[in-house]
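Proteins get letters first, then strands, A, B, ... in listed order; numbering begins at 1 in each.
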Amino acid sequence: MKAEAAQLKIYDSLAGGKRNFIPLKEGFVGFYVCGPTVYSNVHLGNCRTFISFDMVYRYLRHLGYKVRYVRNITDVGHLVDDADQGEDKIAKKARLEQLEPMEIVQQYSIDFHTVMAQFNAISPNIEPTATGHMIEQIEMIQGIIDNGFGYKSNGSVYFDVEKYNETHPYGELSGRKIEDLISNTRSLDGQDEKRNPLDFALWKNAAPEHIMKWPSPWGIGFPGWHLECSAMSTKYLGEEFDIHGGGMDLKFPHHECEIAQGTACNGKSPVKYWMHGNMLTLNGQKMSKSTGNSILPDELFTGKNQFMEKAFSPMVVRFFMMQAHYRSTLDFTSEALVAAEKGHDKLMEAMKTLQELNTGSESTIDVPGLVAQFYKAMSDDFNAPVLVAQLFEAVKFINGVRDGKQTVSKEDLELLQSGMHNFVVEILGLATTADGGDDKLAPVMDLVLDLRQQARTNKDWDTSDKIRDGLAAAGIVVKDSKEGSSWS
RNA sequence: GGUCCUGUGGCCGAGUGGCUUAGGCACUGGUCUGCAAAACCAGUUACAGCGGUUCGAAUCCGCUCGGGACCUCCA
C-alpha cells in the first residue's frame, strides 16, 4: 500500500454512500465488471463504462493491490425482450445476417477488443464467456433449485422472486419494494410459465428451431442472462468478492438478480461494494443502441458522423471522460470535445516539458503537497475531475519553471516527474503522444525547420511564413520559442 | 403513473453549511514574438425560481419550473 495515499473511499450503490474500502483479503481485490453483449459494435456509451472501470482498476493497481479483474463477454442468453418469445440477441443477429452465432460473437468481440485497445484500456485478467461456462451455470441453477428458490416449468427454470423476498429484500440495490414492482409489472404475452411476472429465467427451454441450445437436466435450452455473471464471478472470485462494477442501467434488474441468485445459491450476498457508472448522453439523451441515438468510436475517430464537426483521437475522448466523474452523466457535444482536445494537448505538452526542466536549489511551491492532492482526489471515490484540476496546477508550475519564473529542486522535480507519470499515464491511462513511428518525417522536419530558421535569420519573412503556412495546411503546427522552433 | 437522480458563470464540469473567486475551454487586457501560434500574467461572467431552517447556505428542508434514469433489451 502506498504510504502517501489517503484511505480509499468508494461509493457503494447498495449502501447509498461512500464507504472506506477494506478488501476481504488484505492486499487483494476481486473485481468484476459486466462486459458487453457482442451482437453489434460497441458504441461510445458502452465504452465510457469500461473506460471508467479501467481507471478504477488502474488506481487500485497503483495503490499496490493485487487485483483479479474479471470482465465477461455475453455471447448467449441475452434476450431482445422479456417475453417468452423473446429472441436471443446473438441468435437474431445471426439469423438476419445468415451467419453462425459464433461468427457474430467473434466479429464483435474483435471489434470490442480493438476499440478498447484504442482507448488504451488494460485487458482484464480473465474475460470469460457465457457459452464457455454452461456447466457452471447449470450447477448454479441446480443449487438455487435445491435451496428452494427456483422452480421448473415447461422445460424452463425460473427464479422464485416472491419466495426469495420472504427472507431477503429483493430490490434493495435499486431501492424498490416488491409490492411496487408487482403493481407496476406490465402484462407481457407468454408469461404463463411463470408463477409471478417478477420471476426471471434461470434456464429457458429452446424450441426445436432455436440455434443456440445446450442439454441440461431440464431439457434442451439456454441459460438466462442474469445467471452468467453470477456463475462466472463465483467461479473466479468466490462466493463473496470485493467490487462489482457496471453501467447504471444494469442496476435493475440485472444486478438485483445477481444478488438474489448469489444469495439463493450460496447463502451470502456476493458483493461488498457495488459500483455503477453513469450514462453518456448525446444531445441530452441517453446513448442507446435501440434508439439509434448513438455514435461508434470509429465514427468519432474518423470524424465520419453527423454529430461532431471534426474527428477526435481516442486519447482526447478518454481525457474528456476523465474530466467528468464516473457517477455523473456526461453529455457529448462537439464544442465540449474541442475544449477537451485543447486541454489534453496542453497537459501532454507539459508532460514533455517536465522532462527538460532545470533544477534549482529550492522549489517555489509545495511539490509533495501537490502530489498528495493527486492521491486525495483519486482516493475520494475516484474523483478524476478533481485530479485533472490538480494536474493543471502542476502544468502551471511546470511552465513557470520552464520560463524561469518558478524554480524546482532536484528532489522535487523527480517527485513531480514520477507523480505526473503515475497519474497521467498509469492511472488516467493517457498515453504520451505516440509521435514515434514516423521515422522518416522527423529528419525531414528538421531540415525544413532549419531552412525556415535560415530565412528568419535573413529576415526573409515571405519564405519563413510560406513554410509555416504550408506546414499548417498539412496539419503540422510550428511553434517558435527562444530555444528554436518545434512542430507537432 | 411509480421509484430515484439532477438543474453551477458563454460552454464543459468539480465542490454538500462559514477563504474553493476548483479546473479546462472561450472571452478581454497585458507580456513575449518580425507577424502569428504557443507560453506566461491579470481580469470578466455562477450557483433554476420562491419560501423556510441557521449567526451564516450553491451546499439542509419544502414547493414550483426544467432535464434525466430506471420500472421492458441496453454500459
Side-chain angles (χ1 to χ4, degrees), chain A residues 16 33-37 39-40 42-53 74 78-83 86-89 171 174-177 179-181 183-186 188 225 245-254 276-281 284-291 294 319-320 323-325 327-347 349-350 353 377 380 383-393 395-396 398-400 402-406 456 459-461 464-465 468-469 472 477-482 485-486 488:
Chain A
V33 174
C34 286
T37 302
Y39 70 106
S40 64
V42 283
H43 69 239
L44 211 57
N46 305 126
C47 294
R48 184 190 181 197
T49 297
F50 302 129
I51 290 169
S52 291
F53 288 111
T74 299
H78 201 160
L79 303 185
V80 174
D81 61 55
D82 197 38
E87 200 171 359
D88 184 285
K89 286 187 172 183
S174 51
R176 281 156 223 270
K177 294 188 177 70
E179 307 85 59
D180 297 337
L181 287 169
S183 63
N184 278 318
T185 304
R186 294 196 296 183
L188 297 164
W225 171 44
M248 205 78 97
D249 50 352
L250 295 184
K251 216 169 171 182
F252 187 90
H254 187 58
H276 289 97
N278 217 322
M279 301 293 100
L280 193 67
T281 58
Q285 294 286 120
K286 175 187 172 186
M287 203 174 278
S288 168
K289 285 179 194 171
S290 51
T291 61
S294 69
F319 175 78
F320 176 64
Q323 275 191 301
H325 190 92
R327 280 191 290 113
S328 300
T329 53
L330 176 62
D331 195 41
F332 235 72
T333 63
S334 201
E335 198 181 4
L337 263 297
V338 168
E341 183 170 53
K342 292 184 181 176
H344 168 270
D345 293 348
K346 184 174 175 180
L347 177 62
E349 195 60 37
T353 305
D380 183 16
N383 200 328
V386 168
L387 168 64
V388 171
Q390 298 297 337
L391 292 175
F392 276 103
E393 295 297 331
V395 168
K396 199 173 189 175
I398 290 166
N399 289 331
R402 178 203 55 196
D403 295 344
K405 291 171 180 169
Q406 305 251 35
R456 295 183 74 208
K459 297 195 190 301
D460 178 3
W461 310 126
S464 73
D465 288 356
R468 186 175 69 197
D469 295 345
V477 179
V478 176
K479 293 174 192 168
D480 299 330
S481 67
K482 285 166 188 158
S485 302
S486 62
S488 61

What is the distance, to the nearest angstrom, from the CG atom on Asp331(A) to the C1' atom on rU6(B)?
13 Å

Look at the side-chain N and O atoms of Lys346(A) and state whether any lies under 4.0 Å from the OP1 or OP2 oxygen of rA38(B).
no

Given rG24(B), rA75(B), rG34(B), the nucleotide with the shortest approach to the side chain of Met287(A):
rA75(B)

Report yes or no: is there a donor-acceptor pair, N or O only, under 3.5 Å between the side chain of Arg468(A) and the base of rA36(B)?
yes

Please report the distance separating the P of rA69(B) from the corresponding atom of rA75(B), rounded so that it comes out in whole Å.
16 Å

Which sits closer to the 5' end of RNA chain B, Ala389(A) or Lys479(A), going by the nucleotide each is nearest to?
Ala389(A)

Residues Thr281(A), Asp331(A); criterion side-chain hydrogen bond (donor to acceptor under 3.5 Å, both in side chains); working and verdict
CA-CA 5 Å; Thr281(A) 58; Asp331(A) 195 41; 2.6 Å; yes

Distance, rounded to the nearest Å, where Phe392(A) contributes CZ and rG23(B) contributes P:
11 Å

Side-chain N or O of Ser328(A) versus OP1/OP2 of rA14(B): is the shortest distance under 4.0 Å?
yes

Closest-nucleotide 5' rank along RNA chain B - winner of Ser174(A) and Asn383(A):
Ser174(A)

Does rA75(B) have its OP1 or OP2 closer than 4.0 Å to a side-chain nitrogen or oxygen of Lys286(A)?
no

Do the side-chain N or O atoms of Asn278(A) get closer than 4.0 angstrom to the phosphate oxygens (OP1, OP2) of rG68(B)?
no

N/O donor-acceptor pair, side chain Arg327(A) with base rC5(B), under 3.5 angstrom
no

Closest to the Phe252(A) side chain, choosing from rC71(B), rA75(B), rG34(B)
rC71(B)

In Å, rounded to the nearest 0.5 Å, how long is the span from CE of Met248(A) to OG1 of Thr329(A)?
8.5 Å

Stems formed with participation of RNA chain B [Watson-Crick or G-U wobble, under 3.5 Å, three or more pairs]
B:1-7 with B:65-71, B:10-12 with B:23-25, B:27-30 with B:40-43, B:48-52 with B:60-64

